[in-house]
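Single-structure report; data block below.
Every heavy atom of this structure was used, including side-chain atoms; hydrogens, water molecules and symmetry mates were not.
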Amino acid sequence: MDPAAGRLRQPFTAATARARVRRLLDTRATPSPRTVVDDALLVVTELVTNAVRHGGGLAGFDARLDGDVLTVSVTDASPALPHTVPRSDPAAPGGFGWPLIQQLSRKVTVTPTTTGKTIEVVLHADRRA
């Protein structure tokens, strides 16, 4: 597989990133279980949306599939590390993305860059984390 196959050129959206990851998972000889695909697409949506809403804009996206391991990287323009905001009102919208990313991913790494940060997540393409 071409290593650049999971990369997107701007402009792109969470929907475009999801479509790219779905196509990447569709290349597997053995289809990924639906729950695994749904979890991966949710993680991608949250990462891209958080980069746009809280990270100063999306600066890069990459998705790679190596056997049963899916690695997704999102780079944004903010050096601020992701965090969970304490919820005083359980009915208030938002605040679930970062905990979901951590729960659904096998591994999460945040690496500072000269212009912001890159968040890399590793997911299993054949079973839940």
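- Partners of D38 according to the side-chain contact (heavy atoms from CB on, under 4.5 Å) rule, which considers only residues two or more places apart in sequence or in another chain, are R34.
- Within the structure, the side chain to side chain donor-acceptor pair (under 3.5 Å) test picks out the following pairs touching residues 110-120 (sequence neighbours left out): R64-E120, S73-E120, T75-T118, D76-K117.
- Counting heavy atoms from C-beta outward, T13 and V48 have side chains that stay 4.5 Å or more apart.
- Residues G56 and S78 approach most closely at N-CB, 4.3 Å, considering heavy atoms.
- Under the rule for a salt bridge (charged side-chain N to carboxylate O under 4.0 Å, His left out), R22 has no partner lying at least two apart in sequence or in another chain.
- Put simply, CD1 on I101 and CG on D39 are 12.5 Å apart, with the number rounded to the nearest 0.5 Å.
- When each of I119, V108, L47 is checked for a side-chain contact (heavy atoms from CB on, under 4.5 Å) with P82, only I119 meets the rule.
- In this structure, OG on S32 lies 7.5 Å from CG on L65, to the nearest 0.5 angstrom.
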Query raised in the report: For V43 and L100, what are the C-alpha separation, side-chain angles and deciding distance, and is it a side-chain contact (heavy atoms from CB on, under 4.5 Å)?
Result: CA-CA 7 Å; V43 168; L100 275 172; over 6 Å; no
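- With sequence neighbours left out, the side-chain contact (heavy atoms from CB on, under 4.5 Å) criterion links V69 to T71, R106, V122.
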Requested in this report: Mind running side-chain contact (heavy atoms from CB on, under 4.5 Å) on F61 and V72 for me, showing each step along the way?
Outcome: CA-CA 7 Å; F61 177 88; V72 177; 3.7 Å; yes
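- Residue pairs meeting the side chain to side chain donor-acceptor pair (under 3.5 Å) criterion with at least one partner in residues 40-61, sequence neighbours excluded, are R18-T45.
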Query - R28 vs D68, salt bridge (charged side-chain N to carboxylate O under 4.0 Å, His left out): CA-CA, chis, key distance, verdict - result: CA-CA 8 Å; R28 297 186 70 236; D68 291 333; 2.3 Å; yes
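- Under the salt bridge (charged side-chain N to carboxylate O under 4.0 Å, His left out) criterion, D66 pairs with no residue at all, not counting sequence neighbours.
- Between the side chain of S105 and the backbone N or O of K107, no donor-acceptor pair lies under 3.5 Å.
- Legend: residues meeting side-chain contact (heavy atoms from CB on, under 4.5 Å) with P79, ordered by chain and number and at least two apart, are absent.
- Between A40 and L123, the shortest heavy-atom distance links the atoms CA-CD2, 4.4 Å.
- Taken to the nearest 0.5 Å, the CD atom of Q103 stands 10.0 Å off from the CG atom of L42.
- Remark: L70 CG to D126 CG distance equals 11.0 Å, nearest 0.5 Å.
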